[in-house]
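Right, one structure below, let's go through it.
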Amino acid sequence: MIKFNKIDKKWQEKWEKYKVFKVKEDTKKKKYFCLEMFPYPSSTSLHMGHSRNYAIGDVYARFKRLKGFNVLYPMGFDAFGLPAENAAIKIGIHPKEYTEKSVKNFTNQLNALGNSYDWSRLVKTCDKDYYRWNQWLFLKFLENGLVERKKAPVNWCNSCGTVLANEQVEDGECWRCHNKVEVKALEQWFLKITKYADELLNDIGKLKGWPEKIRIMQDNWIGRSEGTLVDFKLKDSKDEKIQVFTTRVDTLWGVTFMVYAPEHPRVMELVKGTKYEDKVKKFIDKVVLEDRYSRADEDKEKEGMFTGRYAINPVNNEIIPIYIANFVLPDYGTGVVMAVPAHDQRDFDFAKKYKIPIKVVITPDDYELDAEKMIRAFVNDGKIVNSDEKFNGSRNREAIEEIVDYLEEMGYGKRTVQYKLRDWLISRQRYWGTPIPMIKCEDCGYVPVNEEDLPIELPLDVKFTGKGNPLLTNKSFIKTKCPKCGNDAERETDTMDTFFDSSWYFLRYCDPKNKEKMFDKRSVEYWMPVDQYIGGAEHAVLHLLYARFFVKAMGDMGMLHFDEPFTKLFTQGILYKDGAKMSKSKGNVVSQDEMIEKYGVDTVRIFLLGLAHPSKTVEWEEKGIEASYRFLNRVYNLKEREKSENNIYDKHLISKVNKLIKELEENIEKFNYNIALIKIMEFVNYLSKVKRNVSIEIYDEAFKKFLIMFSCFAPHICEELYENHNDGYISLANWPKCDENKIDLKLEKEEDFISNIMSDVNAVLKLVKIKEPKKLKLYTADNWKYELYEKFKNTESRDFKEVMEKVLVKGHEKDIAKLIPMLLKKGVDDITLDRKTEIKLLKNNLRDLEKEFKLKIEVLEEDNGKALPFKPAILVE
RNA sequence: GCGGGAGUGCCAGAGCGGAAAAUGGGCUAGGCUUAGGACCUAGUGACUUAGUGUCUACGCAGGUUCAAAUCCUGUCUCCCGCACCA
């Protein structure tokens with residue numbers, strides 16, 4: 001067995017030294033942008049899960065390169081983020097240092113994978129040359145009305161005096177001091193992604209190259225629903241109104257109470273000065289502050305309380321009590337709902353608990369609903385009852401439109417569209433991120449930094465105490481002048497969510513070193529959009545939605561010429577071990593380094609890609625890697641040409657190669673790498689089998705073509721084997737052309753046929769071993785089908801007749817093979833067949849059998865003076 | 001609850017309307033080898049045998065078809081997203 005490590009190194013060094021994968025715009029060539037989601041660098045070792053992901057992309061990039069595309073395949077690092085900052089707090093290492101180390105570590109490991117990245121285009125989001133464009137873009141968004149400042153809740157740890165990210169909250173407690181986390185409202189920066197809600201939703205239809213699943217997830221995430229805003233009057237007030245959102249106006253007459261989300265700003269106003277004030281306040285504290293983390297739990301008991309106030313239903317003037325309750329979301333709809341206990345399960349549960357009346361307004365066709373006896377809400381469709389005369393008796397679904405028309409006419413409400421999508425909160429009260437380029441002036445309010453002053457560099461001199469935002473510890477950073485009035489002012493210390501960084505990094509790859517601009521428009525026009533994006537499904541909504549939003553917003557600002565960033569998306573499956581996702585925190589990782597050292601990179605790549613379809617979740621099993629290793633050894637040994645004895649398999653081999661080209665093209669294109677590898681293995685098995693029976697030129701040609709194709713999967717070994725016979729890199733070779741005319745299906749079928757004969761002969765010989773020797777003969781000739789048919793069409797045996805019918809009608813050659821032993825059994829001794837080449841096989845095979853069964857088998861080659869076809873016979877005595 | 005996907009041999013995993021079912025692995029037997037590894041050959045659903053003979057299979061139950069693992073309906077189990085969205 002050969003150790004491949006030396007070969008791996010040799011080629012990785014060459015690729016790097018001669019910049020083999022460096023690309024530039026070339027209008028003469030068709031471009032292909034193949035992109036993997038860039039990683040967050042960490043100091044740990046890559047594990048096999050990572051290796052699999054990156055191998056998936058590399059195979060694709062290599063494939064497209066061989067196919068003649070100008071392939072942009074870059075790599076970079078999503079280098080800002082919380083873990084670096086946590087490390088600073090925990091072990092006292094500066095985030096910059098931590099990140100640099102991690103980047104170096106990841107770079108080495110990615111290189112060890114042999115991926116064909118154009119490293120000259122490396123992008124790191126923590127470089128000021130990168131994040132200055134975050135800031136610049138932020139200002140552009142601001143100019144275009146896409147930035148907004150408003151209050152939003154944050155996780156707050158009182159003892160640390162700091163804001164916590166969701167990841168820093170463990171079971172509702174602070175990750176450091178384990179104090180109960182509270183919720184606090186802070187003024188923060190938002191991007192108005194909701195402006196694009198409709199466009200983002202509609203254009204999902206354009207994403208034909210995306211997995212259905214991801215598209216559905218985005219669809220649900222945006223969550224458009226059409227409904228109606230209905231105005232209820234607030235009792236005991238001067239014309240104050242309460243607006244609710246509903247999709248079920250057909251149940252409007254069944255409303256028996258109303259519910260506010262506890263944290264709704266208006267709640268306190270409602271109870272102000274009443275005896276309910278204190279109780280309500282307490283309840284709000286309990287629900288909002290303590291239960292924030294269990295609020296999403298559906299099984300949670302519905303809790304609420306009466307506010308002492310009432311509302312008036314506009315359609316029937318009924319007076320209904322107003323409650324607050326934990327099941328109403330403050331940020332969906334208007335934060336208030338009209339409750340129809342008879343026809344909504346949540347409302348029903350709540351009404352039962354607090355003894356609120358239930359009023360049936362929709363009834364099923366086949367029985368009467370009795371509000372007293374109901375044990376759950378009736379949520380199906382039916383007939384309207386107990387409502388306005390105009391609508392009683394109508395089908396509820398069909399009546400909705402009319403009811404809305406009626407409400408609009410009467411001025412009680414209006415049609416509206418709601419989205420679940422929220423504006424994007426980009427403020428982070430953290431250090432390791434892009435400073436938001438705003439200045440707070442006492443007189444002028446928030447003022448944007450002047451463009452010329454960019455970048456606002458993140459200062460390195462800060463203290464990591466774990467309390468508050470570290471940026472607050474650098475006074476000289478904070479202190480500045482107002483760009484508007486020139487007075488003393490303070491810088492914003494919030495930094496940007498790192499999803500901001502990753503929402504446009506693919507654009508920077510097109511022109512990564514540009515100092516003047518975010519990117520050169522022509523470069524982006526050449527390379528974008530990304531043709532194939534590859535990454536994890538966990539980014540289905542956030543990253544993938546934000547990136548789409550950025551592209552649309554930038555397009556509207558005239559910066560881009562396309563409106564969707566990723567034409568095709570591939571989401572890879574997860575690698576499991578011991579039933580859990582491979583991850584450091586679970587302690588079930590298999591290190592990449594270790595495996596590469598033991599078997600070589602190509603082995604690792606082949607093994608990981610051959611396991612199953614790349615989109616599937618698979619369980620890691622080390623056993624199989626040995627097989628991949630053996631396989632590569634076999635490939636390696638194919639370079640030793642043996643003296644060719646004859647060339648009877650030339651035609652076959654040519655046919656096989658062409659078939660392989662076609663199969664690989666189809667399968668790699670569709671990411672069916674596992675199938676492609678199987679085809680490759682079959683071919684290798686075949687090649688080693690017929691090696692001695694093909695002419696050298698044909699063999700070399702076939703092997704070369706094979707190597708080029710196989711280099712997608714095993715680039716190092718293929719480079720090495722290619723080097724002996726060719727100039728240049730196999731990585732830059734041309735994918736062989738498939739000559740369909742050379743694919744000879746008949747030859748293929750014949751091969752099946754031969755192998756069948758062989759097993760038949762085996763079977764016969766087995767029989768012969770036990771029984772008395774019998775004299776048998778097998779002849780070959782060209783028109784076997786008809787000869788056989790002619791010979792047996794008049795026999796009495798039904799078996800023969802049936803099979804022969806089939807043969808002539810459907811051409812099942814296999815049946816002929818099946819026939820032979822039967823014929824032999826019946827004492828037939830001259831069967832004519834049409835192959836010449838199989839004789840070799842038969843001969844070889846028979847030698848073994850001869851030995852095995854101690855039989856004397858003779859193969860007669862009757863030459864007849866002519867060369868071929870000859871008429872051999874098997875003689876078993 | 002909603003949405004998506006999957007259930008095939010000892011295992012992983014192909015096939016997705018026409019013969020037990022690719023390819024690996026594992027296992028069995030034989031060859032090669034000082035031995036081990038590697039490599040080569042054959043076998044591997046069950047029952048049998050003189051036999052290419054019989055039976056049974058693609059979660060379970062029905063249906064369409066000359067023909068179904070493959071299409072349809074119902075059902076069970078598992079995985080993965082989202083989730084009190086009015």
Side-chain angles (χ1 to χ4, degrees), chain A residues 1-2 211-217 219-221 223-225 227-228 230 244-248 251 258-259 261 295-300 302 325-329 331-340 343-347 349-350 379 418-421 537-538 540-541 573-574 576 579 581 606-607 610-613 615-621 623-631 633-634 637 672 674-675 677-682 685 688-689 756 758-760 762-764 766-768 770-771 799 806 810 812 814-815 817-822 824-825 844-845 847-849 851-852:
Chain A
M1 298 290 267
I2 302 146
E212 185 66 20
K213 190 180 154 185
I214 305 291
R215 289 163 48 189
I216 290 167
M217 281 167 82
D219 197 309
N220 291 340
W221 189 263
R224 181 191 150 101
S225 67
T228 313
V230 182
V244 300
F245 172 74
T246 181
T247 51
R248 293 290 306 274
T251 63
M258 182 173 275
V259 193
R295 198 104 182 257
D297 183 0
E298 196 184 338
D299 300 330
K300 197 174 158 60
K302 287 172 183 37
N326 61 351
F327 68 92
V328 178
L329 302 175
D331 49 7
Y332 184 75
T334 58
V336 203
V337 299
M338 59 180 225
V340 187
H343 306 295
D344 181 287
Q345 192 56 44
R346 290 158 301 180
D347 298 348
D349 295 342
F350 194 81
V379 294
Q418 275 292 325
Y419 296 94
K420 281 191 239 173
L421 184 69
E538 66 273 21
V541 277
I574 299 163
Y576 276 66
K581 182 179 171 177
I606 286 177
F607 173 60
L611 268 177
H613 193 272
S615 64
K616 281 203 172 164
T617 292
V618 285
E619 176 83 19
W620 166 265
E621 261 187 293
K623 278 195 276 188
I625 199 168
E626 297 270 357
S628 301
Y629 186 45
R630 282 201 300 265
F631 171 71
N633 269 279
R634 238 171 333 136
N637 291 332
N672 295 337
N674 54 334
I675 308 287
L677 280 167
I678 284 162
K679 300 291 178 200
I680 285 170
M681 285 186 187
E682 281 174 352
N685 288 344
S688 50
K689 200 172 276 174
N756 273 309
M758 285 171 65
S759 61
D760 290 341
N762 279 339
V764 171
K766 233 189 215 167
L767 170 63
V768 168
I770 300 150
K771 280 196 106 182
D799 285 350
K806 257 192 185 170
K810 294 201 166 181
H812 280 179
K814 272 190 181 173
D815 290 312
K818 229 173 179 177
L819 258 179
I820 292 167
M822 290 164 76
L824 291 169
K825 208 170 109 191
N844 292 341
N845 193 51
R847 292 282 162 255
D848 289 346
L849 293 166
K851 267 191 216 162
E852 193 178 337

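Since this is a predicted model, take the numbers as computed values, not measurements. So that the names make sense, note that chain A is the first sequence line, chain B the second, and so on, each numbered from 1.
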**OP:** Establish, with yes or no, whether the OP1 or OP2 oxygen of A14(B) is under 4.0 angstrom from a side-chain nitrogen or oxygen of Lys616(A).
**Re:** yes

Original post:
Does any non-hydrogen side-chain atom of Leu611(A) lie less than 4.5 Å from one of Lys616(A)?
Top reply: no

Subject >> Minimum-distance nucleotide to Ile216(A) side chain [options: A14(B), G4(B), A22(B)] >> reply: G4(B)

**OP:** Would you indicate which nucleotide in U23(B), A14(B), C85(B) comes nearest to any side-chain atom of Asn674(A)?
**Re:** A14(B)

Subject >> Residue His613(A), side-chain atoms from C-beta onward, closest of C84(B), G13(B), A14(B) >> reply: A14(B)

Original post:
Of the nucleotides C85(B), G4(B), C82(B), which one has an atom closest to the side chain of Trp221(A)?
Top reply: C82(B)

Subject >> Expected output: side-chain Asp344(A) to main-chain Asp347(A) donor-acceptor under 3.5 Å >> reply: yes

Subject >> Closest to side chain of Glu682(A), choosing from G25(B), A86(B), U23(B) >> reply: U23(B)

Original post:
If each of Ile678(A) and Thr246(A) is mapped to the nucleotide of RNA chain B with the nearest heavy atom, which maps nearer the 5' terminus, i.e. the 5' end?
Top reply: Ile678(A)

Subject >> Separation of atom CG in Asn672(A) from atom C1' in C16(B), rounded to whole Å >> reply: 14 Å

Original post:
Tell me: NZ of Lys679(A) to P of G24(B), nearest whole Å?
Top reply: 12 Å

Subject >> Mate of U23(B) where both pairing distances stay under 3.5 Å, Watson-Crick or G-U >> reply: A12(B)

Subject >> Gln418(A) CD to Thr246(A) OG1 distance, which is reported to the nearest 0.5 Å >> reply: 11.0 Å

Original post:
Of the candidate nucleotides A14(B), U23(B), A86(B), which contains the atom at the shortest distance from the side chain of Leu329(A)?
Top reply: A86(B)

**OP:** Locate the shortest heavy-atom distance separating Val328(A) from Gly335(A); write the atom from each residue and the value.
**Re:** CG1-O, 3.7 Å

Subject >> Under 3.5 Å on both distances, the Watson-Crick or G-U partner of A29(B) >> reply: U41(B)

**OP:** Check whether any side-chain heavy atom of Thr617(A) lies under 4.5 Å from a side-chain heavy atom of Ile574(A), and answer yes or no.
**Re:** yes

**OP:** Write down the partner of G3(B) under the Watson-Crick or G-U wobble criteria, each distance required to be under 3.5 Å.
**Re:** C80(B)

Original post:
In whole angstrom, what separates Tyr332(A)'s OH from C84(B)'s P?
Top reply: 12 Å

Original post:
Counting any heavy atom closer than 4.0 Å, what does Ile675(A) reach on the DNA or RNA strands: base, sugar-phosphate only, or nothing?
Top reply: sugar-phosphate

Original post:
Now, which nucleotide makes the Watson-Crick or G-U wobble pair with C60(B), with each of the two distances under 3.5 Å?
Top reply: G74(B)

**OP:** Starting at CH2 of Trp221(A), measure out to CD1 of Ile214(A) and round the result to the nearest 0.5 Å.
**Re:** 13.0 Å

Subject >> Span that lies between the C1' atom of U70(B) and that of A57(B), in whole angstrom >> reply: 15 Å

Expected rows: protein N/O vs nucleotides 36-40 of chain B N/O, under 3.5 Å:
unit_1	atom_1	unit_2	atom_2	d
A38(B)	OP1	Arg630(A)	NH1	3.3

Original post:
According to a strict under-4.0 Å criterion, is Arg215(A) in side-chain N/O contact with OP1 or OP2 of G3(B)?
Top reply: no

**OP:** Compare every heavy atom of Val379(A) with every heavy atom of Arg248(A), then report the nearest pair and how far apart it is.
**Re:** NH1-O, 4.1 Å

Original post:
Looking at C80(B), U23(B), A14(B), which one has an atom nearest to any side-chain atom of Met681(A)?
Top reply: U23(B)

**OP:** Using atom types as modelled and distance alone, determine if a side-chain donor or acceptor of Asn637(A) lies under 3.5 Å from a backbone N or O of Asn633(A).
**Re:** yes

Original post:
How far, in whole Å, is A67(B) from G18(B) if one measures between their C1' atoms?
Top reply: 6 Å

Subject >> Euclidean distance, atom CD of residue Glu538(A) to atom P of C79(B) [Å, nearest integer] >> reply: 19 Å

**OP:** Would you indicate what Lys213(A) reaches in the nucleic acid, counting non-hydrogen atoms under 4.0 angstrom: base, sugar-phosphate, or nothing?
**Re:** sugar-phosphate

Original post:
To the nearest Å, how far apart are Leu677(A) CG and U23(B) C1'?
Top reply: 10 Å

